[in-house]
2 protein chains.
Amino acid sequence: MGDIKDNRRDAILRSVANVLRNSRLSSLTIQQIADELGMTKGNLYYYFKDKQDILFHCHMRSTEISLRALSDAETLGRTPPEKLHILLVRHIRGIIDDGFGGILQTDLDKIRPAHRKLYVSKRDELERGVRRLIEDGVKAGEFQCANVKMAGFAILGGINWIPKWYRPNGPFTSAQISEQMAGFYLRGLLVAGHEWRSDDRKLSPTSRQPDLADTETWR
Amino acid sequence: MGDIKDNRRDAILRSVANVLRNSRLSSLTIQQIADELGMTKGNLYYYFKDKQDILFHCHMRSTEISLRALSDAETLGRTPPEKLHILLVRHIRGIIDDGFGGILQTDLDKIRPAHRKLYVSKRDELERGVRRLIEDGVKAGEFQCANVKMAGFAILGGINWIPKWYRPNGPFTSAQISEQMAGFYLRGLLVAGHEWRSDDRKLSPTSRQPDLADTETWR
DNA sequence: AGAATTTCTGAACTTAAAGTCAAAATGTTT
DNA sequence: AAACATTTTGACTTTAAGTTCAGAAATTCT
């Protein structure tokens, strides 16, 4: 039953996520991935062709989650701002909670060209989705922005950076991070006077600031 | 004449920047750095202890530039929004033009602990500077934000990501990128109705969109 | 149970890049 | 020019991590 083998492959990918959560990328080694699962590194090669193959699948996993956020947004949201908010919140939560966020830091250089193309096309799907939502919002008069593509970069880049500073034991939950960051980016686009929320929770200018342990140490 | 030796060290650091501009980080090798300058790699070890030492100095170079942006902002700007705008524009231009932006992607793991501490403390100086400006703006009633620290992350993260997608031959100049991104982030903080510019250039909601070659390929 | 298949091991192999160093080349001082 | 200091070379060593593989262990099939 290839099912069982697939489970094992899954477990391996998740163990990559676990390693990434704790240590840093520079030290993401085949050995660590194996250790995390209590298997030997030789055994990994029974499930994946090589390290780049493993990383490729992590990348795919990561985008799949984000693309689900995109399609969720399209169906659940009604206005462009609402949709974009949903997308960003889910995209961020995915990156933090599913743990594949760390993979975003890796270089795609060494991934087999065919694989890389496949991944890049998926990732571009997300980027285009974001841009489309922004454009729609501009057309609807709800958003304003100097350049759609760059606004997309400004938003997605900030999100991609999250794994650099996020710590599981840190002061923020993924729910808080996603809400606050999405809110911030939305406000960067919204034309003054527009709101995007369906309900009436509005952000008071002086909402309470969680008191943070001042551990300033992302790497 | 330590001066001459210092010049050479400088040249080496700049050659790192050059290599980073073209190839990717995963392939930043001592050999490449040497080639870029037409020297042998053995010779590099006459000027620097080891690779990590080189990378450390690149990191320092990078933060120095950003910290200069911070102090410039403090002296040149009058209100918090003005200051923050100046800081972001110069910070971004520094990252793109001085070419050490790419170094931000590297892991600090392998840098000697004492060096790492030194660098991190400098970098934190920048982060604290950004937060201070945001806080000042909030107190002055010009900014609103749910959480200062996270707003800082949202902004600085997006900026750190720039080297991933910026291409020297791309459709944007560093001046455009810095202006537009800084503007976007500022708007995310500004309380409706506030403007930060001293002059009267305002962003019309439908400002012309530069037509972009759609090369969607950052790595 | 015995055969066939799948899964796993661990030691050996390979590779790529970092780092070393004695000696050569170059430059400087007296 | 001789002595001294600085800089550069290139071949060599080391290191760390990825990869292979013959065979052992476990599992499934008949």
Side-chain angles (χ1 to χ4, degrees), chain A residues 1-16 18-20 22-59 102-103 105-113 115-116, chain B residues 1-16 18-20 22-59 102-103 105-113 115-116:
Chain A
M1 321 280 111
D3 275 351
I4 287 169
K5 199 163 176 179
D6 281 351
N7 284 345
R8 208 90 174 92
R9 285 164 62 94
D10 246 56
I12 291 170
L13 296 184
R14 266 184 290 109
S15 99
V16 174
N18 287 335
V19 173
L20 286 177
N22 306 321
S23 60
R24 294 295 96 200
L25 250 181
S26 68
S27 57
L28 174 63
T29 134
I30 287 282
Q31 188 62 62
Q32 279 180 297
I33 299 168
D35 287 352
E36 179 75 24
L37 240 105
M39 68 194 326
T40 57
K41 66 178 177 167
N43 197 9
L44 285 176
Y45 288 84
Y46 178 71
Y47 294 98
F48 290 96
K49 192 184 173 317
D50 54 21
K51 187 183 182 184
Q52 291 309 316
D53 194 28
I54 296 176
L55 296 186
F56 163 68
H57 281 92
C58 288
H59 271 105
I103 204 69
Q105 311 291 334
T106 55
D107 268 316
L108 305 177
D109 277 29
K110 295 182 187 153
I111 292 182
R112 232 170 299 288
H115 276 177
R116 191 172 55 227
Chain B
M1 332 258 94
D3 275 350
I4 288 170
K5 199 162 175 179
D6 280 353
N7 284 346
R8 208 92 174 90
R9 286 165 61 94
D10 246 55
I12 291 170
L13 296 184
R14 268 184 289 108
S15 100
V16 174
N18 287 337
V19 173
L20 285 178
N22 305 321
S23 61
R24 294 295 96 201
L25 252 179
S26 67
S27 58
L28 174 63
T29 130
I30 288 278
Q31 188 61 61
Q32 279 180 298
I33 298 168
D35 287 351
E36 178 74 24
L37 241 105
M39 70 195 324
T40 57
K41 68 176 179 169
N43 198 8
L44 286 176
Y45 289 86
Y46 178 71
Y47 294 98
F48 291 96
K49 192 184 173 317
D50 55 21
K51 185 182 181 183
Q52 292 309 316
D53 194 28
I54 295 176
L55 297 186
F56 163 68
H57 281 92
C58 288
H59 271 106
I103 203 70
Q105 310 292 331
T106 54
D107 269 317
L108 305 176
D109 277 28
K110 296 182 187 152
I111 291 181
R112 235 169 297 290
H115 276 177
R116 191 171 56 226

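Naming convention: chains lettered A, B, ... in sequence-line order (proteins, then strands); numbering from 1 in each chain. Keep in mind the model is a prediction, meaning the values are calculated, not measured.
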Sequence neighbours left out, cut at 3.5 Å: what donor-acceptor pairs do the side chains of residues 36-47 of chain A make with other protein atoms?
none

Taking atom CD of B/Q105 and atom CG of A/D107, what is their separation to the nearest 0.5 Å?
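So the gap between those two atoms works out to 8.0 Å.
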Could you check how far [atom1] of [X] sits from [atom2] of [N], rounded to whole Å?
X     : N      : atom1 : atom2 : result
A/M39 : D/dA25 : CE    : P     : 18 Å
A/L37 : C/dT9  : CG    : P     : 11 Å
A/Y47 : C/dT6  : OH    : P     : 12 Å
B/I54 : C/dA17 : CD1   : C1'   : 13 Å
B/K5  : C/dG27 : NZ    : P     : 17 Å
B/L44 : C/dG19 : CG    : C1'   : 11 Å

Please state whether the phosphate of C/dC8, meaning OP1 or OP2, lies under 4.0 angstrom from any side-chain nitrogen or oxygen of A/R8.
yes
Between B/Y46 and D/dT7, is there a contact of a side-chain N or O with OP1 or OP2 at under 4.0 Å?
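Yes, because at least one side-chain N or O of B/Y46 sits under 4.0 Å from OP1 or OP2 of D/dT7.
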Check whether any side-chain heavy atom of A/K110 lies under 4.5 Å from a side-chain heavy atom of A/L55, and answer yes or no.
no
Would you say that A/I30 contacts A/I54 through its side chain, given a criterion of any heavy-atom pair below 4.5 Å between the two side chains?
yes
Classify A/F48 by what it touches in the nucleic acid, base, sugar-phosphate, or nothing, heavy-atom distance under 4.0 Å.
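No contact.
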What pair of heavy atoms forms the shortest contact from B/H59 to B/T106, and how long is it?
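Distance-wise, the nearest heavy atoms are CE1-OG1, 2.9 Å.
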For residues A/Q52 and A/I111, report the shortest heavy-atom separation together with the two atoms involved.
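Closest approach of A/Q52 to A/I111, heavy atoms only: OE1-CG1, 3.4 Å.
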For nucleotides 12-22 of chain D, just jot down a letter per nucleotide in 5' to 3' order: B, S or -, based on protein non-hydrogen atoms under 4.0 Å.
------BBB--
Would you please name every residue forming a salt bridge (charged side-chain N to carboxylate O under 4.0 Å, His left out) with A/D50, sequence neighbours left out?
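Here the qualifying residues are A/R112.
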For A/D10, enumerate each residue passing the salt bridge (charged side-chain N to carboxylate O under 4.0 Å, His left out) test, keeping only those at least two apart in sequence or located in another chain.
A/R61
Would you call the rings of A/H115 and A/H57 parallel, tilted or perpendicular, taking 30° and 60° as the class edges?
perpendicular
What bend angle does the helix from C/dA1-D/dT30 to C/dT30-D/dA1 show across its length, from five-pair end axes and to the nearest 10 degrees?
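The end-segment axes of the helix from C/dA1-D/dT30 to C/dT30-D/dA1 are tilted 10° relative to each other.
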Ranking D/dT7, C/dG10, C/dT7 by distance to the side chain of A/T40, first place goes to C/dG10
